[in-house]
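Below is one structure, written out as structure tokens; the observations come after it.
In what follows, chains carry the letters A, B, and so on, assigned in the order in which the sequence lines appear, proteins first and then strands, with residues in each chain numbered from 1. This is a predicted model, so every value here is computed, not measured.
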Protein chains: 2
Amino acid sequence: MAGKANGRKARNGGGEITMSDIARHAGVSPMTVSRALSDPPSVSEKMRRKVDAAVRQFGYLPNRIAGSLSSKRTNVVGLVVPSIRNSLYAAMVQAISDVARANGLHLMIANSGHRLEDEEALVSALLAQRVCGLVLHNTAHSRRLRELLARTDIPVVETGNLPAKPIDMAVSYSNFDAARAMTGHLGRLGYKRIGFVTLPLRDNDRSRERRRGYFAALKELGLPADPGLVMEAPGGFAEGADALVRLVQTHPDIDACFFAGDVLAVGALFECQRRGWAVPGRIAIASFDDLDLLRHTVPTVTTLRIPRQDIGRRSAELLVNRLRGASRQKVRIDVGFEIVQREST
Amino acid sequence: MAGKANGRKARNGGGEITMSDIARHAGVSPMTVSRALSDPPSVSEKMRRKVDAAVRQFGYLPNRIAGSLSSKRTNVVGLVVPSIRNSLYAAMVQAISDVARANGLHLMIANSGHRLEDEEALVSALLAQRVCGLVLHNTAHSRRLRELLARTDIPVVETGNLPAKPIDMAVSYSNFDAARAMTGHLGRLGYKRIGFVTLPLRDNDRSRERRRGYFAALKELGLPADPGLVMEAPGGFAEGADALVRLVQTHPDIDACFFAGDVLAVGALFECQRRGWAVPGRIAIASFDDLDLLRHTVPTVTTLRIPRQDIGRRSAELLVNRLRGASRQKVRIDVGFEIVQREST
DNA sequence: CTATAGGTTGGTAGCGATACCACAGAACGC
DNA sequence: GCGTTCTGTGGTATCGCTACCAACCTATAG
């Protein structure tokens, strides 16, 4: 019974089942177990069956912590988003998750809450966990974070905006171009007094780019840039409604409003329904991001379709390629956007 | 220069900066570095300063993989949800994330896509990563998964439904009670022919419980149970609209409809707006889950408020307490629900 | 002045896996 | 027929950190 695996010490104080345990019971060496599990073809049919049997019998789950330490590789991707709750990010996260899963990777998700210091702390923590890649939604980073990332050699993908100088790789659309295009679109439809409601600008390069795009388009349209037509509002239905009402009250001649973020536009639309303001008769409404919702409201809402899912998918694919050995080179993918003209304008 | 740290081998092939490196440059032992970082008060002021200086100088990030292997502890919580994309889960995930963060824990998130086999595979993978705790949204698990979880001794929280026999801990509301309460509410408002639209029932104990609650309430109300008034639909605006139209066409006498899931109710409401069906005049509409949206539509929609955030927060707190040493005992928390009566009924 | 306690520090031995090298035996060529 | 290649297997030495124990130093009491 004691067989050939005799001389080995067995003072395993009731701890977890290890590869050596499986090896002993299968009558093979630990190395063979390791190979049978991580690269089956490299092991003979006979050995593999013995190992598989022992693995099943004991319900053995290899310890990836140990594996990672030894191999200096992990199968965990880090992801930092401003808010998990927001459905925009959710679509991207889901896409990343799907690609990651298909490639045997796991996701560690962190929430920066739009705070740069938090982003820095979270990335540090993820690097301490030795993630094999990073996806950051933000592109405006703290100086220390930039230094940190410059020193690391894991792949990093930035999304959310197209930075002029990406840290490593970037997959996004241009917030500037998108906002400019929509504002231009409204102008070409004949609207003359176009309001602009933006998400908070602080620590958010995306919001700032959008505002820049709005003003650039006004200039191109030959329309006056009236700072009174620009409002900053936190994302939300009520906030969108508020912003619209205030704009209409202070600028009764306003004939269109572009809501550059979140569910602001929908909140405004509902407010119009409540007040009996015809959309687009009294005021036209345009939104940012093709929430499913906007296709179903009455009237349906003109918006910018941002391929959030593509962004997630391609980001993850870039990471996977790099992990598979693709050479390190800066990549900057513009996934573009599309204006979806609907009933509200 | 070579000092006392002389005899040590230094054939570090350009690998990562280790604790020993920091120790050498700070002129202390690796153990002191370890303590200075993980339990500062246990080290003298002088040593701590030396260590901190070296850490900052080299931008040293401790390797948590190694730390975890050595200490047999990780600071990663595993989380399996049916869909990351769905905003209901997002609210819960965010709450878990916040509590985890405040306690130095990280989140590894996986997506089961409502498939039990996938859930099983994902949990296995998370256990292989040696997560220190698990949150599962599903409560209907495969037999093999139950066995797997029975053998592990990490804390497990189930959410999404109140299982009769929790694996370990459970934090949820009763889908049965909630659906029964809303159906009863509609009955007491005087509606006689109450339709019911449910999410797919397969592999989803929550949907099945809701349907059970609906029928239980009808019985209590003394209303006939007409299977023709029940429709199964995947979640989505269009699907909700479709379901409503079909119900109205096949059962012209229907006077209320309870949409037990996702955005079905909103899709139906918009369809009514398009067709000019008065809500609740022609047909009353009730929903499940207090999406922000429902408070802003015209009319506002009667719904069930499920404290999704509380569920997340309390789940995470249970995990944290257990990790801090709370004794292992089955916990079953019913967070309840609330009927929010609004204009649509 | 010595004994004891308490608070810091350092050395050693793993944690559970994989990388790398060595080696045994089968298959092949000239 | 013997070197040569190839395939499959095992042994050994880490990977970077922490647990545990031993050693030391200072403080306090008797």
Side-chain angles (χ1 to χ4, degrees), chain A residues 3-5 7-24 26-51 55 58 60-75 127-130, chain B residues 3-24 26-51 55 58 60-75 127-130 132:
Chain A
K4 61 185 353 174
R8 191 156 302 155
K9 281 194 203 166
R11 47 128 185 61
N12 185 337
E16 66 180 271
I17 298 170
T18 71
M19 216 165 238
S20 297
D21 296 328
I22 300 302
R24 195 163 45 251
V28 303
S29 81
M31 268 318 298
T32 300
V33 177
S34 174
R35 281 189 281 250
L37 293 175
S38 61
D39 183 24
S42 73
V43 149
S44 70
E45 177 71 23
K46 206 179 82 183
M47 291 288 178
R48 207 183 317 147
R49 269 209 299 270
K50 288 205 259 184
V51 170
V55 165
F58 291 91
Y60 169 67
L61 275 178
N63 185 330
R64 290 231 172 286
I65 300 281
S68 295
L69 178 61
S70 181
S71 66
K72 295 163 174 281
R73 279 182 280 104
T74 63
N75 57 348
L127 290 176
Q129 302 279 355
R130 297 301 189 262
Chain B
K4 57 176 12 165
N6 214 341
R8 192 156 301 150
K9 281 192 204 170
R11 49 127 184 60
N12 185 340
E16 67 179 271
I17 298 170
T18 71
M19 217 165 237
S20 297
D21 296 329
I22 300 301
R24 194 164 45 252
V28 303
S29 80
M31 267 318 298
T32 299
V33 177
S34 174
R35 281 189 281 249
L37 293 175
S38 60
D39 183 23
S42 72
V43 149
S44 70
E45 178 70 23
K46 205 179 83 184
M47 290 288 177
R48 207 183 318 145
R49 268 210 298 269
K50 287 204 259 183
V51 171
V55 164
F58 291 92
Y60 169 66
L61 276 178
N63 185 330
R64 291 232 172 286
I65 299 282
S68 295
L69 178 60
S70 181
S71 66
K72 295 162 173 278
R73 280 181 279 104
T74 63
N75 57 348
L127 290 176
Q129 302 278 357
R130 298 300 189 263
C132 64

Measure from the side-chain heavy atoms of Leu69(B) and tell me the nearest of dG16(C), dC17(D), dA19(C).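 That would be dG16(C).
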Met31(A) side chain, from C-beta outward: closest of dA19(D), dG16(D), dT12(D):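 Of dA19(D), dG16(D), dT12(D), dT12(D) is nearest to the side chain of Met31(A).
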What distance separates Thr74(B) OG1 from Gln129(B) CD, expressed to the nearest 0.5 Å?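 If we round to the nearest 0.5 Å, Thr74(B):OG1 and Gln129(B):CD are 9.5 Å apart.
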Out of curiosity, Leu61(A) CG to Leu37(A) CG, how far, rounded to the nearest 0.5 Å?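 These two atoms lie 10.0 Å from each other.
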Please determine whether a side-chain nitrogen or oxygen atom of [X] lies at a distance below 4.0 Å from atom OP1 or OP2 of [N].
X: Lys72(A); N: dG16(D); answer: yes
X: Arg73(B); N: dA19(D); answer: yes
X: Ser44(B); N: dT9(C); answer: yes
X: Ser70(A); N: dG16(C); answer: no
X: Ser29(A); N: dT9(D); answer: no
X: Thr32(B); N: dG10(C); answer: yes
X: Tyr60(A); N: dG16(C); answer: no

Roughly, in whole Å, what's the span from [atom1] in [X] to [atom2] in [N]?
X: Arg130(A); N: dG16(D); atom1: CZ; atom2: C1'; answer: 9 Å
X: Gln129(A); N: dC17(D); atom1: CD; atom2: P; answer: 13 Å
X: Asn63(B); N: dT18(D); atom1: CG; atom2: P; answer: 9 Å
X: Met19(B); N: dC15(C); atom1: CE; atom2: P; answer: 19 Å
X: Lys46(B); N: dT9(C); atom1: NZ; atom2: P; answer: 8 Å
X: Asp39(A); N: dT9(D); atom1: CG; atom2: P; answer: 12 Å
X: Ile22(B); N: dG16(D); atom1: CD1; atom2: P; answer: 13 Å
X: Ile17(B); N: dG16(D); atom1: CD1; atom2: P; answer: 11 Å

What's Arg48(A) touching, base or sugar-phosphate or nothing? Going by heavy atoms closer than 4.0 Å.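 Contact class for Arg48(A): none.
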Answer with base, sugar-phosphate or nothing: what part of the nucleic acid does Arg35(A) contact at a heavy-atom distance below 4.0 Å?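 Base, at least one base atom sits under 4.0 Å.
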Do other residues, nucleotides or ligands put more than 12 heavy atoms under 6.0 Å from Arg48(B) CZ?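 Atom CZ in Arg48(B) is packed in, count exceeds 12.
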Is the count of non-hydrogen atoms from other residues, nucleotides or ligands lying under 6.0 Å from Arg130(B) atom CZ greater than 12?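 For Arg130(B), atom CZ is crowded (more than 12 foreign heavy atoms under 6.0 Å).
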Nearest-nucleotide wise, let me know which of Gly67(A) and Met47(B) is further upstream toward the 5' end of DNA chain C.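 First, find each residue's nearest nucleotide; the 5'-ward one identifies Met47(B).
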Asn63(B) vs Thr18(B), test: side-chain contact (heavy atoms from CB on, under 4.5 Å). Steps then yes/no. CA-CA 8 Å; Asn63(B) 185 330; Thr18(B) 71; over 6 Å; no
